[in-house]
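One structure below.
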Protein chains: 2
Amino acid sequence: MTSYRADITAVARAAGVSPATVSRVLNHPGLVSAPTRNRVEAAIRATGYIRNRAAQSMHGRRSATLGLVVPTVDYSIFAELVQSFNDAVAEHEFTLLLATHGYDLAAEYRVLRKLYEHRVDGIALIGLDHDADTFRLIASQDVPVVAAWAWAAESPLPCIGADNAEAGRVAARHLLDLGHRRIALVFPPSDKNDRARARLDAVQAALAAAGCAPPARWCARAPYDTSQAKAVCRDLLAGRDRPSALICGNDVIAQGAIAAATAQGLAIPGALSIMGIGDFPGSADTVPALSTVAIPARRIGARAGRHLVECLSGGPPAGILRERLPVELHRRGTTAPPGIA
Amino acid sequence: MTSYRADITAVARAAGVSPATVSRVLNHPGLVSAPTRNRVEAAIRATGYIRNRAAQSMHGRRSATLGLVVPTVDYSIFAELVQSFNDAVAEHEFTLLLATHGYDLAAEYRVLRKLYEHRVDGIALIGLDHDADTFRLIASQDVPVVAAWAWAAESPLPCIGADNAEAGRVAARHLLDLGHRRIALVFPPSDKNDRARARLDAVQAALAAAGCAPPARWCARAPYDTSQAKAVCRDLLAGRDRPSALICGNDVIAQGAIAAATAQGLAIPGALSIMGIGDFPGSADTVPALSTVAIPARRIGARAGRHLVECLSGGPPAGILRERLPVELHRRGTTAPPGIA
DNA sequence: AATAGCGTTGCAAATGTTTTCATCGCGGTT
DNA sequence: AACCGCGATGAAAACATTTGCAACGCTATT
């Protein structure tokens, strides 16, 4: 009842044993006889003892935390990944140390340092673009790390994710196959976002190969924010020289595009086809349902979590892991052949 | 370059000072003279030293972590709260220890214990319903805590949030004011979710007071999942005896309702009005835009973070804080007077 | 000239736990 | 009867850091 916080020696005193025995009950219960174990467990309950992971981790023991660094948890972009990563590692008694950097790679370095200060046992971060400082820090630390979300054949870090270039190609191909030639692009600033850059480059390459590279005025920039994307798309769709289809950097932008088109009285997909990338939760169930290229966020998160857990249980990090999870085209209600309005 | 991890004594050796001085440079730079400070800082960089928060926190010093316990980070329900909470505390050098329990209050107790094992400096959790064990644990720990999201006049824990009953009343009132009398409800199971329960009870009370308590077949249960909600709503709207309006437990369910109604060819809001609660990101920009009662998630998260930070800087916890943030009706495109189809 | 006071630094104790090593008692072997 | 091995437990060192206390070399005061 007192506000004094019991430590291991208090428990030991209460149970009439040594602190070592209490420690053993907690960590190697097999080493201590049943009667004393019961006595100790009773003492733990009676004193309200809660073990101190900080003191534990001072012995080179695990801190039982894993760091997860994402650009943002806003919107549902990374929500599924965070959740599935968490579920995967929580099973193994790990707790998540979560940090965000808002797409600022210098901030990413700082939060990463903080995670190392807390002696996380492993680290997952998003994507392959990072500061040189960040790479150096990771290399110096000897803590398992995995870059989730994106995949690249020559990634310097172990990576588990989708091939964003392919996602872009699939999106472009879909619209081209439907017969579109007047295709506009709405993507986020991609200088520090390898995922967006890979998608955009691939889309442009595919369109150029098909002989319909979009003019500059059809290459718009919008952040990952539905309302702002809506405003950008309104401008894009305002003129009379209008594209017949839009490829959006992700589903959040695509929702903004749908809103803008509807507000302008453009029928979807009759007068305008819209293509997202990501397949975020809800995208299948909006009206009209969004055509998109699915990035398997849940599988990526779960797989990344599992990978770290494996590394930490002496799993085989033979060579650096690079795992590509497939993207998948979902034809839904926002795409159709052009000009059937 | 070696994989040896420098500790404070290595830095001290490199700088030609004692470990105590290094510690002082890090924690009380004012106490050490400029020349030695520079020498030490150079040594820190040279050795790649990263301080060890675990060892630090053993001295009763802060762990610089705050625990945040949410039901889930899936969907965008709590995403804004997590993000704004994080932003608020990151400014003060705190890192987030995130745990989820999937609306299982026994699991909540377990993750809370884990957070205490890590010696978090403060804890935020969602809502006011918790196991008796959880309340006991919190009371015994002498760590500042705040219940975010929901507000209640007699909350045993400090709370910062919205009055969910009022949110329910506002939603019901809006539809009643529009002239609806045939109103159906789609809510999640509310036995362990005080927010949903408060909303549902208030809605039912308001409808009963207006003489149009919904029959049991119009009180549907759906989890917070658009697809599943869609299925539930399809059944609800299938019969010929159809409500003229729907109140949904939150916006995720409402999106499912919109999808179900559209799939059945019901015009919104002509043939069916739909009301959400929450105002999640994107709700304003779907088509049609969702009428909803906004819960100020960002403000709640930021305020909760700020409150903990204040408690930890000797702020004034004079009496237990109970702060109510206002809900707000957003009339948008999914509600209209009945029967104008 | 002796000393008081001050700023800077080092020493060593303390923090809570794990783990190695040693001890102890006990049943079974030779 | 002496001994060996074994299971269970305790004593103490180790982990990386912080901090109270003491000591040191100065300057300024009496």
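Every value quoted in this text rests on a predicted model; they were computed, and no experiment measured them. Numbers restart at 1 for each chain; the letters A, B, ... are given by sequence-line order, proteins then strands. The analysis underlying the following values was restricted to heavy atoms, covering all of them including side chains, and did not include hydrogens, waters or symmetry mates.
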Using whole Å, report how far [atom1] of [X] lies from [atom2] of [N].
X: B:Ile44; N: D:dT17; atom1: CD1; atom2: C1'; value: 13 Å
X: B:Arg39; N: C:dT9; atom1: CZ; atom2: C1'; value: 11 Å
X: A:Arg13; N: C:dG16; atom1: CZ; atom2: P; value: 11 Å
X: B:Asn52; N: C:dT17; atom1: CG; atom2: P; value: 16 Å
X: A:Met58; N: C:dT17; atom1: CE; atom2: C1'; value: 8 Å
X: B:Arg37; N: C:dG7; atom1: CZ; atom2: C1'; value: 13 Å
X: B:Glu117; N: C:dG16; atom1: CD; atom2: P; value: 16 Å
X: B:Ile8; N: D:dT19; atom1: CD1; atom2: C1'; value: 12 Å

> So do A:Arg61 and A:Asn27 actually touch side chain to side chain, heavy atoms under 4.5 Å?
Replying inline: yes
>> Are A:Val73 and B:Asn86 packed together at the side-chain level, in the sense that at least one heavy-atom pair is separated by less than 4.5 angstrom?
In response: no
> Is B:His59 side chain donor-acceptor paired with the C:dG16 base, going by distance under 3.5 Å alone?
Replying inline: no
> Which residue, A:Ala20 or B:Thr36, contacts DNA chain C at a nucleotide closer to its 5' end, judged by nearest heavy atom?
Replying inline: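 Final value for this comparison: B:Thr36.
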>> Quick check: closest heavy atoms across A:Ile300 and A:Gly161, and the distance to 0.1 Å?
In response: CD1-CA, 3.8 Å
> Which atom names give the shortest non-hydrogen contact between A:Ser63 and A:Ser57, and what distance separates them?
Replying inline: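 Taking A:Ser63 first and A:Ser57 second, the nearest heavy atoms are CA-CB, 3.9 Å.
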> CD/A:Glu154 to CG/A:Leu128 distance, rounded to the nearest 0.5 angstrom?
Replying inline: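 Answer rounded to 0.5 Å: 8.5 Å.
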> Rounded to the nearest 0.5 Å, how far apart are CZ of B:Phe94 and NZ of A:Lys114?
Replying inline: 9.5 Å
Distances under 3.5 Å between nitrogen or oxygen atoms of protein and nucleotides 23-25 of chain D:
none

>> Can you tell me if B:Gln56 touches the phosphate of D:dT17, counting only side-chain N or O atoms and a distance under 4.0 Å to OP1 or OP2?
In response: no
> C:dT19 phosphate, OP1 or OP2: any side-chain N/O from A:Arg61 under 4.0 angstrom?
Replying inline: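 It does, given that an N or O in the side chain of A:Arg61 lies less than 4.0 Å from OP1 or OP2 of C:dT19.
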>> Taking any heavy-atom pair under 4.0 Å as a contact, classify B:Ser57: base, sugar-phosphate, or nothing.
In response: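 The residue B:Ser57 makes no contact with any strand.
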> Hey, does A:Val17 reach any base, or is it just sugar-phosphate, or nothing, if we go heavy atoms under 4.0 Å?
Replying inline: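 Sugar-phosphate contact only - A:Val17 comes under 4.0 Å of backbone atoms but never of a base.
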> In terms of the angle between their ring planes, are B:His130 and B:Phe135 parallel, tilted or perpendicular, with boundaries placed at 30° and 60°?
Replying inline: perpendicular
> Between A:Phe78 and A:Tyr103, what is the ring plane arrangement, given parallel below 30°, perpendicular above 60°, and tilted in between?
Replying inline: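 Geometry flag for A:Tyr103 against A:Phe78: tilted rings.
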>> Can you tell whether the side chains of A:Arg298 and A:Asp87 come within less than 4.0 Å, N to carboxylate O?
In response: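 So A:Arg298 does not pair with A:Asp87 through a salt bridge.
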> Which ones in residues 24-34 of chain A lie close to DNA chain C, meaning a heavy atom under 4.0 Å from one of its atoms?
Replying inline: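 Those residues are A:Arg24, A:Asn27, A:His28.
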